[in-house]
Amino acid sequence: MDPKMDSGVLQPGETLEHDYDLQKDLLPEEVVGIMDQLLCYETAWHEGYPLSQNLFTSVHLDRLLWPEPRILEEASFDRGKPASPMAMMNRILRAYCLALIKCCDRVIQTVTSRDYYEEEDFSTHTYNRSLLTQIDEAEIQQELSHCWEWLVGELGTQYNISNDLRRALESRLGFRQTLLSAMHQDATEPLNALDPLWRVTATFLGDMKSNHTLGQPVPEAFSPKLQRRLASTVPPRPVVEYTFDEAIQKMTLLCEHSLETIQAIDIRSSSAAGLLSFTWAFASHKPQPLAYPRALLASFIFGGPPEAFSSVLQRDLEELVFTEDTVLDPLNWTIEMSRSSLIPHDPRALIAKTIDDFLARISQCYAYLWSTLCQNRCRIRRMLCHSLREFDHLMADAEIFDNELHDLSKDTLSNPLMTWTYYHKLRQVEWVVQLGFEQEIYQPDELVGMYWWLSQIASSRYTVLEHILPFTRRRHARFAKKKQLREASSVGRTVDYVDAMVKEAKGTALLAGCLSTLYALLHYLKLLPVPERPYSAPALRYELRMKPFLLTVEPPTPPPFEEYRQKTHPLGDYDQPSSDNLSRSLKAMAADADDAVKMAKAEFAALKKLGAKAARCEAVEDAWKKNIASMLSSCVAAGIATSTVKAACSAHSGISRPPSLKVEMPEAWKRYHDWWVVPKVIN
Amino acid sequence: MSNERAVGYLTQLIGKTLRITVTDNRMFEGQMKCTDRDRNVILALTHEYRPPSEEAIKKAIAESGSSSVTLPHSSRFMGLVVVPGEHITKIELEDRSLNQPPVL
């Protein structure tokens with residue numbers, strides 16, 4: 001029999017049962033030791049390892065969970081034995097374990113209620129064991145408070161344990177109590193209660209860290225053998241070990257991230273663009289938020305009554321194309337369609353119907369976009385590739401709706417719905433490319449093309465925004481003239497927002513253009529290594545890279561390969577440039593790149609001046625500022641690189657390689673900004 | 001038995017519940033899905049049953065004081081498994097007719 005193929009096979013002399021006595025009275029030190037080990041295993045589970053390789057190796061948890069307890073009293077360490085009063089230390093450990101199991105149950109419920117990827121994010125497999133799902137949380141809380149009261153009360157003080165140990169046990173019980181309460185809240189409950197819970201949980205973790213050394217590890221209380229009794233054909237696998245410090249650090253981060261997600265509820269009801277910037281800031285945390293906080297965020301975005309999420313979509317339209325527009329006037333929805341064919345419909349009722357039809361058409365794609373942003377970082381990029389195609393297909397429909405609207409409402413931006421859809425599509429294309437840089441999808445010699453493509457997209461985006469801006473400005477002036485202050489300030493915010501987005505898009509286009517030119521230049525100077533690719537053709541590689549965008553039907557679609565090649569090879573083949581006066585052409589390219597980076601820097605600086613509020617990022621102002629600062633640093637670094645190359649080109653006439661130049665590509669973690677791969681050119 | 005009859009016999013076992021004992025005395029009970037010339041058997045919805053170890057029996061006898069004690073087999077659900085033919089010591093077919101009233 002092969003132990004690798006058969007999870008049930010026993011080695012000669014090996015027994016199925018562990019030889020740990022669960023009825024033995026535990027010392028307080030041992031209880032602390034077991035609790036801390038359990039926390040390490042819980043962390044491993046949150047990090048994505050299956051329960052079999054961590055928590056389910058605990059003899060205590062195994063006894064509590066199998067056979068499945070129907071009532072809480074059945075979940076005890078001395079099952080099937082005549083009931084005898086349990087030693088208090090064992091009882092404390094039992095309460096801790098019960099709460100731990102209930103926390104796990106809650107985590108699984110939260111994660112599975114949202115989109116997640118079992119093989120990438122989180123293992124929800126419980127091996128046919130129910131994690132006390134049937135048992136009420138209040139009962140477990142009661143058991144915890146009972147132990148807590150005993151510990152701090154008179155009885156506990158008579159018990160022979162030191163004050164330090166008592167405090168260690170207190171903080172562990174307190175941690176479980178607050179964590180369990182925090183995990184049991186949902187979006188329907190008053191949130192001011194949730195906020196302090198996560199904070200207190202994090203403080204308990206700090207206490208636990210300081211008195212961890214008081215505990216005494218009990219390795220016998222954990223056995224990988226227990227995996228043999230789980231409903232699984234997988235043979236026992238090695239147990240995943242985390243150190244206690246790591247566990248505390250990761251769990252503290254989990255609390256902080258969970259705490260942060262609560263803000264989403266307030267932001268959701270105030271601004272769609274704000275929610276978007278918040279979600280991006282959350283997803284960009286390093287280390288990346290774990291599956292549980294991400295699911296929590298998704299449940300806050302989508303949770304609550306169904307109209308709560310659909311109002312986000314409506315607000316999104318309002319913030320970009322319909323600010324203070326009669327199209328979204330709530331009054332429109334109060335007017336009935338005429339029932340007689342002789343009386344024409346009220347145009348306002350028709351507007352409401354058109355908008356409702358459009359919202360119904362788009363709501364699924366829109367929800368998909370948001371659930372994409374709650375995934376892990378790599379998933380976000382891959383799912384955006386699908387999402388952008390959905391938005392692409394929507395554009396044709398949006399045009400039809402726009403034509404209907406055009407006849408109904410005169411004072412409205414031309415093609416508002418198509419503009420909105422197009423804008424969202426372009427942003428997603430940009431994100432896909434930029435996440436590609438972040439995740440090092442592209443080889444150094446592909447950067448010329450990808451930055452060129454990014455600059456194309458960003459230019460299209462600011463063209464769209466510049467279509468919105470004059471109209472919004474006119475509307476703002478009109479309201480201001482009429483002294484309609486509320487309307488004027490609301491349109492004024494949109495003007496600021498669109499203006500900020502224009503600056504951001506322009507800066508992105510310019511910096512991307514600069515980097516594309518700079519990389520092309522470095523190729524002509526033969527400073528970048530090009531790997532040998534005997535089995536692939538440039539045209540096919542181009543098709544592969546552009547695949548997510550080639551399938552879109554609306555412009556901008558990637559150009560045919562010849563055109564792309566011509567754009568990225570302005571002076572012909574990198575090995576044999578076909579320019580009459582090569583050194584002059586190279587100089588001109590360097591000057592172009594230099595100009596572009598200067599302008600990009602000016603745009604980003606202007607954006608910084610407009611401030612986070614204008615960009616509707618006030619909720620994540622710090623992250624926003626940091627992001628702008630990193631983009632500005634990238635501009636500075638790009639500026640240094642271009643001017644070094646420019647100087648070298650001027651000093652050196654002729655095509656031979658300027659001897660003193662050397663190029664270093666920065667590693668992903670050394671970049672100023674994840675999305676900007678700026679080479680370091682050393683003279 | 002001719003090849004044709006053998007195939008016919010094995011075919012009618014498909015979907016029936018089998019109990020297969022292997023060399024270390026464990027039993028696997030599940031629906032037969034297929035078999036091959038090496039007597040490997042694939043069972044679906046399988047449960048694994050393990051007889052109590054000798055030590056556990058000794059301990060139980062010592063505790064109860066009488067020589068006839070009942071100890072349960074420990075069992076777990078496993079799902080789809082392949083039982084290698086070389087380890088099989090016994091194959092039993094569940095006879096539903098004893099437990100259930102005949103269908104009229």
Side-chain angles (χ1 to χ4, degrees), chain A residues 1-24 50-52 56-57 59 61-68 74 78-82 84 118 123-131 223-237, chain B residues 18-36 38-65 69-91:
Chain A
M1 287 196 174
D2 184 354
K4 280 185 187 156
M5 298 295 288
D6 178 357
S7 62
V9 70
L10 296 175
Q11 298 299 336
E14 193 184 3
T15 55
L16 182 70
E17 294 298 321
H18 54 83
D19 40 18
Y20 183 78
D21 180 11
L22 280 149
Q23 269 110 318
K24 186 176 81 175
L51 281 171
S52 61
F56 277 2
T57 60
V59 171
L61 291 192
D62 180 65
R63 182 60 66 91
L64 293 179
L65 287 174
W66 196 254
E68 190 183 334
E74 281 188 350
D78 50 0
R79 300 183 83 159
K81 298 277 158 36
S84 57
E118 180 100 24
S123 164
T124 54
H125 202 5
T126 61
Y127 305 94
N128 209 20
R129 297 206 166 168
S130 156
L131 299 180
S223 162
K225 270 190 204 180
L226 292 177
Q227 294 182 46
R228 288 220 177 86
R229 312 199 340 183
L230 301 173
S232 158
T233 47
V234 182
R237 284 202 265 171
Chain B
L18 295 188
R19 184 160 70 198
I20 300 177
T21 312
V22 295
T23 43
D24 68 353
N25 290 329
R26 273 182 295 157
M27 290 182 290
F28 296 95
E29 196 173 283
Q31 278 176 21
M32 168 155 154
K33 287 287 158 191
C34 66
T35 183
D36 61 6
D38 296 321
R39 215 198 305 129
N40 300 318
V41 184
I42 295 186
L43 296 179
L45 304 173
T46 312
H47 280 84
E48 177 199 61
Y49 296 93
R50 187 191 295 272
S53 64
E54 273 185 30
E55 276 176 39
I57 297 172
K58 271 183 203 153
K59 201 175 150 204
I61 290 174
E63 272 176 15
S64 69
V69 283
T70 37
L71 279 175
H73 276 55
S74 61
S75 78
R76 63 166 175 162
F77 177 72
M78 294 194 80
L80 191 67
V81 299
V82 185
V83 187
E86 53 172 327
H87 299 305
I88 294 177
T89 53
K90 186 161 73 175
I91 302 179

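Here is how names work: the chains are called A, B, and so on, in the same order as the sequence lines, proteins then strands, and each is numbered from 1. Any value given below was found using the heavy atoms of this structure, including those in side chains, with hydrogens, waters and symmetry copies removed.
For A:Met1, the CE atom sits in a packed shell: over 12 heavy atoms of surrounding residues, nucleotides or ligands are nearer than 6.0 Å. Enclosure of atom CG in B:Asp38 by more than 12 non-hydrogen atoms of other residues, nucleotides or ligands within 6.0 angstrom is indicated.
Once rounded to the nearest 0.5 Å, the distance linking CZ of A:Arg228 with OG of B:Ser74 reads 11.5 Å.
Interface residues of residues 20-36 of chain B toward chain A, defined by a heavy-atom distance below 4.5 Å and sorted by number: B:Val22, B:Thr23, B:Asp24, B:Arg26.
Side-chain atoms of A:Ser7 and B:Arg76 include a donor-acceptor pair closer than 3.5 Å.
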**Request:** Given side-chain contact (heavy atoms from CB on, under 4.5 Å), test B:Arg50 with A:Leu10 step by step and report yes or no.
**Result:** CA-CA 11 Å; B:Arg50 187 191 295 272; A:Leu10 296 175; 3.3 Å; yes
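Not counting sequence neighbours, the partners of B:Glu63 by the side chain to side chain contact (heavy atoms under 4.5 Å, CB included) test are B:Lys59.
The residue among A:Asp2, A:Asn128, A:Asp6 with the most heavy atom pairs within less than 4.5 Å of chain B is A:Asp6.
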